[in-house]
Amino acid sequence: MKIVISSAGRRAHYVEWFREALGRTALSGEVIAMEYRLHSPSTGLADRAVPSPAYNSPEYPEALREWCRAERPDLFLSLNDYELQILSGGLAEEMRSMGCRVAVLGAELQPIVLDKHRMATALAERGIPTPRTVLGSEVDRIRSSARSGDRFVVKHRFGSGSTGLRIVEAEALPDAVEQSAQTALGADGLPAADGPAATVVQEALPGPEYGVDGVFDVDGRGELLGVLARRKDLMRGGDTDVATTVAPEPFHAAIREIGAMLRPSAAIDVDLRDNADGEPQVIDINPRLGGGYPFCHRAGADLPAALIRSAVGLEPDPELLRYRVGVTSARREEFTVVAAPR
Ligand SMILES: Nc1ncnc2c1ncn2[C@@H]1O[C@H](COP(=O)(O)OP(=O)(O)O)[C@@H](O)[C@H]1O
Ligand SMILES: [Mg+2]
């Protein structure tokens, strides 16, 4: 079994945990870190490190195709949103035709999760709870109906890692949109030309925030294997620093619906926040292994083992996705040797 984890970068724990999970099976195999930067910590932890051209370079598709043809990997997971975007065109289909499961959404679905405006519309159409969302260029629609004391979030429409985030009251919205727009990127990852329309405005949700993984089979059948959830207790620079595991049941319906909408494979990472009535609302979807899963891993879940089981074609084992509720974990820094003299 050859498992490729691409662009793991500092999320190198995934490489480690896939190796451990593979080691516990009777399968022979290897976990391969594919990286553009060969001094990324994941390369030091993998069975093998493979350099790849940058995913936004013209050489990337052919290099990946060539490598897959020669190596025939079984499972390909990327941790980078922009790389997923590039794979979700024809490239993932080509890799699948070579027998590799690629955890990427279909080409018509991937643009929905990249665009926070389209995503909010798609969620609302399916009746999945999500805050009212307008483009920054339509901010007057929200201002006209705002009551004093209402708070609003401005963020980048194609953002990640909390880029462009501002939380303000209605009268400050136009300025906040203008400021946020100055650093906004477009769908192509380049500075956005359309200013305010490259931001979105939402009502600010007052309740606690949750990170939730939906775990699905790796063949794109959309079979939900389990749901893993934690409350985010402390955030720093767009990453969760401290979180406490919570019961998954309150999120099952939303994750099931999102699964039916996106037909994901392997894992999706969903951010939700409670409204004033304590009802969780979906604010963000990343169709990949996310930054918050480690908090559930530390509480006993084994997502890598569940995905390996699925890749081998074995019946799902629900035990692998069970974890203790109420476990608080904190992020730390770690150091890994990535090169040394022979
Ligand atoms: N509607 C909202 N109400 C309250 N907080 C929000 C809202 N939208 C986003 N946030 C905060 O901003 C952070 C980043 O927003 P998010 O939509 O997850 O975008 P991304 O992670 O892609 O940058 C969230 O983790 C949350 O803390
Ligand atoms: Mg997010």
Side-chain angles (χ1 to χ4, degrees), residues 11 79-85 105 110-124 128-136 139 142 146 149-170 172-173 176-177 179-181 183-187 189 192 198-214 229-244 251 254-255 258 262 267-295 331:
R11 292 176 180 174
L79 269 62
N80 182 290
D81 291 320
Y82 297 106
E83 182 172 38
L84 291 174
Q85 182 70 12
L105 301 185
Q110 174 69 20
I112 299 179
V113 295
L114 199 71
D115 178 342
K116 294 187 197 310
H117 187 248
R118 273 187 77 177
M119 186 186 76
T121 308
L123 290 170
I128 303 169
T130 194
R132 185 176 163 217
T133 305
V134 302
L135 291 177
V139 70
I142 276 209
D150 284 354
R151 294 175 69 75
F152 298 92
V153 167
V154 181
K155 56 189 175 183
H156 287 168
R157 177 176 175 185
F158 302 99
S160 67
S162 297
T163 50
L165 186 68
R166 303 263 182 311
I167 302 180
V168 295
E169 292 194 8
L173 266 177
V177 166
Q179 284 170 18
S180 179
T183 53
L185 304 179
T199 69
V200 292
V201 179
Q202 292 180 334
E203 56 187 293
L205 298 161
E209 182 168 346
Y210 302 94
V212 178
D213 303 302
R230 56 264 156 200
R231 187 188 63 238
K232 302 182 181 186
D233 298 327
L234 189 66
M235 302 271 290
R236 190 174 54 176
D239 278 329
T240 313
D241 253 10
V242 181
T244 302
F251 307 103
I255 297 296
I258 293 171
L262 297 177
I268 57 169
D269 166 79
V270 181
D271 295 329
L272 304 99
R273 204 161 181 141
D274 282 353
N275 65 12
D277 298 323
E279 293 155 351
Q281 314 283 305
V282 175
I283 55 176
D284 192 21
I285 303 174
N286 297 301
R288 54 171 167 78
L289 300 170
Y293 165 70
F295 295 98
R331 173 188 299 274

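Computed over heavy atoms, backbone and side chain alike; hydrogens, waters and symmetry mates excluded. Order of appearance sets the numbers: ligands from 1, and atoms from 1 within every ligand. Nothing here was measured: the structure is a model prediction, and the numbers come from that model.
With a heavy-atom cut-off of 4.0 Å, R273 touches ligand 1 through its side chain alone. Heavy atoms of L205 found under 4.0 angstrom from ligand 1 belong to the backbone as well as the side chain.
A salt bridge links R11 with D239; the closest basic N to acidic carboxylate O contact falls under 4.0 Å. In this structure, R231 pairs ionically with D233, as a charged nitrogen and a carboxylate oxygen lie closer than 4.0 Å.
Judged by distance alone, the side chains of H156 and T183 do bring a donor and an acceptor atom under 3.5 Å apart. Side chains of R166 and Q179: a donor on one and an acceptor on the other come within 3.5 Å.
The only member of D284, T130, T133, T121 that meets side chain to side chain donor-acceptor pair (under 3.5 Å) when paired with K116 is D284.
Closest approach between the Mg ion (ligand 2) and any N/O/S atom of D271 involves OD2. Of all N/O/S atoms in D284, OD2 sits nearest the Mg ion (ligand 2).
The protein heavy-atom contact nearest to atom 22 (O) of ligand 1 is K116 NZ, 2.6 Å. Counting protein heavy atoms only, atom 23 (O) of ligand 1 is closest to S162 N, 2.6 Å.
Residue contact annotation: Q281 has no non-hydrogen atom under 4.0 Å from ligand 1.
Residue-to-ligand polar distances place G159 within reach of ligand 1: an N/O pair is separated by less than 3.5 Å. Note: no N/O pair closer than 3.5 Å links K232 and ligand 1 by distance alone. Of the polar atoms of I167, none of the N or O atoms is found under 3.5 Å from an N or O of ligand 1, judged by distance alone. At a 3.5 angstrom cut-off on N or O pairs, L165 does not count as close to ligand 1.
Taking every non-hydrogen atom of G161 and a distance limit under 4.0 Å, the qualifying atoms of ligand 1 come out as 20 (P), 21 (O), 23 (O). Close approach of ligand 1 to M235 is summarised as follows: ligand atoms under 4.0 Å from at least one heavy atom of the residue are 25 (O).
We find the CG-CD1 distance between L105 and I112 to be 9.0 Å, quoted to the nearest 0.5 Å. Here the CZ-CD distance, from F152 to E203, works out to 8.0 Å after rounding to the nearest 0.5 Å.
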